[in-house]
A.B. asks: 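Sharing a structure, written as structure tokens. Questions coming.
Proteins get letters first, then strands, A, B, ... in listed order; numbering begins at 1 in each.
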Amino acid sequence: MFRFLIALFLVVGGATMASAHPHVFVSAKEEIVFDSEGRMTAVRHIWQFDEAFTAFAVQGLDANNDGKLSDEELQPLAKVNVDSLKDYNYFTNLKADGKHVPMSLPSEYWLDFHSGRLTLFYTLPIRTPVLPGKQTTLEVFDPEYFVAFDFIKDAAITLTGAPAGCKAEYRPPHELDDKTMSMLAAIPADQHDLPQDLADAASSLASLIVVSCP
Amino acid sequence: MKILRAPAALAVAALCWPAAAFAASSPFGIATPDGSGSVGWAGPFKGFFLWVAAQQTVFYRDLTGALGQITESSHAAVFLIALSFAYGVFHAVGPGHGKAVITSYLLVSGEKLKRGVAISFAAAFVQALTAIVVVSVGTLVLNVTALTMTRATDALEIASYAMIALCGIWLLWTKAFGGGHNHAHAAIVDPRAGHDHASHSHLGHDHADHQHVHSAANGFVCDCGHSHAPDPAALDRPLTFGRAWAAILAVGIRPCAGAVIVLVFAISQKLYWAGLLSVLFMALGTAITVSTLATLAVKAKDIALRLSKGESSGQLRAIRGLEIVAACGILVFGLVMLGGAIAAA
């Protein structure tokens with residue numbers, strides 16, 4: 001009888017565990033920019049928000065009530081977006097030959113509102129330009145699952161100014177194993193920037209963009 | 001010793017204050033995630049929670065899709081209602097819908113089951129109402145931005161956690177320090193000498209001896225709900241929320257991010273009524289899940305108490321110990337979330 005009661009407390013306690021679901025659905029396109037020496041210099045994000053979140057986001061922004069959202073009207077929201085993303089490391093994890101590549105603050109950002117969809121454009125400069133190596137991976141992913149990223153099938157990744165012979169491909173996500181899942185679950189909720197090894201482990205939940213250069 | 005109760009309770013509260021805090025900020029600065037935002041992908045129930053998360057995602061996307069199509073299809077309204085309800089049922093499994101608070105409150109306060117279900121429904125309805133009021137005023141009356149509405153809901157979230165912590169303090173106080181009888185009917189002249197427990201109709205459980213704890217009938221939320229009065233009118237006391245209002249409000253004044261987004265979306269499509277319907281049916285689904293869990297908990301406690309009749313008072317003390325743990329749990333939860341919400345603000 002007591003075991004039942006204890007078990008019940010555990011179930012109730014367990015039932016309060018998060019099974020959060022995404023509230024923001026992003027269709028993403030990515031771009032990696034190279035310099036004349038073949039080094040990666042920046043990652044450009046193009047994130048299109050779903051209809052419902054768009055409607056929520058643009059609420060009250062039409063200051064002059066002309067039915068259109070100009071750049072000036074959208075810029076304050078773009079700044080809020082980009083400032084908030086900083087705490088989440090912009091959901092971006094770029095690795096060259098297995099080594100994590102640090103990014104700087106966004107060099108440019110703006111929002112575009114078109115046909116009922118809001119799109120965020122922003123550029124993350126790579127702190128120190130680095131050669132892509134044999135294999136570079138780019139992953140855009142929210143481990144807290146508030147934002148769901150989906151890549152546009154044949155346009156997921158563009159390489160701009162890349163050396164000849166570089167190829168980019170998009171790989172859909174696959175299942176996580178138990179051990180990794182429990183490691184992820186052990187992270188406190190206020191720790192948005194995962195330790196690198198866990199970020200890498202989480203990458204198998206995310207869509208992965210792989211760039212191979214000769 | 002009564003005078004030491006308040007400082008003692010506060011000392012316990014201070015000791016319970018944890019070092020860690022859950023910061024619930026938002027990646028885009030607008031729309032704060034419900035609850036802690038951590039993902040419980042581990043443990044024995046992992047598969048179940050993954051499945052629940054998947055269902056929520058599907059229903060949420062489908063219901064926003066149905067909203068978008070409501071003007072074109074007559075069936076879309078029915079779909080919207082069904083999807084919203086299904087979403088509510090699954091969504092309540094996740095953080096932020098009062099499961100822990102309401103269940104713990106029911107276990108500790110000993111409220112009877114019917115009231116427990118009513119409290120769950122009331123909390124869910126208040127939560128829907130809060131979303132409706134915030135969005136209606138914010139969108140239709142004041143035409144504020146999403147950022148302003150997010151700040152408003154963040155403030156409500158802080159208030160909610162503060163109220164939950166308060167509820168925890170009172171529950172802890174009455175369970176840990178409340179003692180002796182202090183009945184509401186103390187002033188009534190009772191011709192019977194002493195209490196004759198056999199003639200009472202206790203709601204749902206028996207007492208082996210006199211070891212149950214009564215809180216002072218001070219009118220606050222955590223009255224034990226027992227009726228010892230031989231007066232039959234008291235046994236037919238109508239369902240009022242007087243005592244439980246604090247628990248209901250504590251849960252209900254923080255609106256759900258999904259409900260807010262759906263409502264603003266609906267209004268942007270000039271479909272206010274559809275948004276209202278969706279949120280109300282979400283609340284219905286949420287209420288069912290929360291009241292089911294609360295029912296399970298109360299039933300288990302009833303069985304435990306019934307089975308312990310005639311056994312040692314040690315087991316009753318153990319149950320009281322668990323109640324204290326539950327009360328402390330609410331307090332810790334409220335304080336942790338309050339700290340995190342303030343830190344993130």
Side-chain angles (χ1 to χ4, degrees), chain A residues 1-2 4-9 11-25 49-61 76-77 79-85 87-88 91 116 120 142-148 176 178 181-190 192, chain B residues 20-31 33-43 45-46 49 52-53 56-57 60-61 64 68 91 93-95 99-100 103 139 143-149 257-258 260-262 264-265 268-269 293 296-297 300-301 303-304 307 315 318 322 340:
Chain A
M1 174 264 301
F2 260 105
F4 175 62
L5 199 57
I6 303 289
L8 185 75
F9 269 114
V11 170
V12 171
T16 67
M17 269 163 65
S19 39
H21 75 97
H23 286 74
V24 187
F25 298 87
F49 297 109
D50 63 276
E51 254 189 305
F53 189 73
T54 297
F56 173 70
V58 303
Q59 161 56 36
L61 289 181
L77 178 61
K79 183 169 196 311
V80 167
N81 288 161
V82 161
D83 286 346
S84 306
L85 281 166
D87 288 339
Y88 295 77
F91 295 133
L120 177 67
D142 176 11
E144 290 173 18
Y145 212 31
F146 182 68
V147 186
L176 264 191
D178 280 2
M181 280 198 174
S182 48
M183 282 199 292
L184 275 177
I187 301 164
D190 60 339
H192 299 300
Chain B
F22 290 98
S25 54
S26 162
F28 295 109
I30 50 174
D34 303 335
S36 63
S38 64
V39 174
W41 299 134
F45 300 111
K46 171 192 77 184
F49 286 117
V52 168
Q56 286 182 62
T57 312
Y60 184 76
R61 292 229 77 175
T64 48
H91 188 59
V93 179
K99 292 182 303 299
T103 302
T139 311
N143 196 29
V144 296
T145 59
L147 185 60
T148 306
M149 279 194 284
V260 170
I261 292 174
V262 165
V264 175
F265 178 47
S268 76
Q269 312 274 77
L293 280 166
L296 282 173
K301 181 185 174 183
I303 292 170
L307 288 173
Q315 285 193 326
L322 281 172

A.B. asks: Can you check whether A:Phe53 reaches B:Ile30 side chain to side chain, under 4.5 Å on heavy atoms?
C.D. replies: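 The answer is yes; the side chains approach within 4.5 Å.
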A.B. asks: Could you look at B:Ser268 and say if it's the side chain, the backbone, both or neither that has a heavy atom under 4.5 Å from chain A?
C.D. replies: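 The side chain, not the backbone.
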A.B. asks: To the nearest 0.5 angstrom, please state how far the OG1 atom of B:Thr57 sits from the CZ atom of A:Phe25.
C.D. replies: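 Taking OG1 in B:Thr57 and CZ in A:Phe25, the distance rounds to 5.5 Å.
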A.B. asks: Does any non-hydrogen side-chain atom of B:Ile261 lie less than 4.5 Å from one of A:Val24?
C.D. replies: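 No; the side chains remain at least 4.5 Å from each other.
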A.B. asks: Measuring only between side-chain heavy atoms, which start at C-beta, is A:Phe146 closer than 4.5 Å to B:Phe28?
C.D. replies: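 Side chain of A:Phe146 against side chain of B:Phe28, heavy atoms only: no contact under 4.5 Å found.
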A.B. asks: Parallel, tilted or perpendicular, judged at 30° and 60°: which one describes the rings of B:His91 and A:His23?
C.D. replies: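 The arrangement is perpendicular - the two ring planes meet at more than 60°.
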A.B. asks: Could you tell me which portion of A:Val147 (side chain, backbone, both or neither) has an atom closer than 4.5 angstrom to a non-hydrogen atom of chain B?
C.D. replies: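 Answer is side chain: those atoms of A:Val147 sit under 4.5 Å from chain B.
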A.B. asks: Are the side chains of B:Thr64 and A:Glu51 in touch, meaning some heavy atoms are under 4.5 Å apart?
C.D. replies: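 Contact flag for B:Thr64/A:Glu51 side chains = no.
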A.B. asks: Quick one: closest heavy-atom pair of B:Ser26 and A:Tyr88, and the distance?
C.D. replies: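 It is N-OH, 3.4 Å.
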A.B. asks: Heavy atoms only: give me the nearest A:Gly60-B:Thr145 pair and the separation to one decimal.
C.D. replies: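 That closest heavy-atom pairing would be O-CG2, 3.7 Å.
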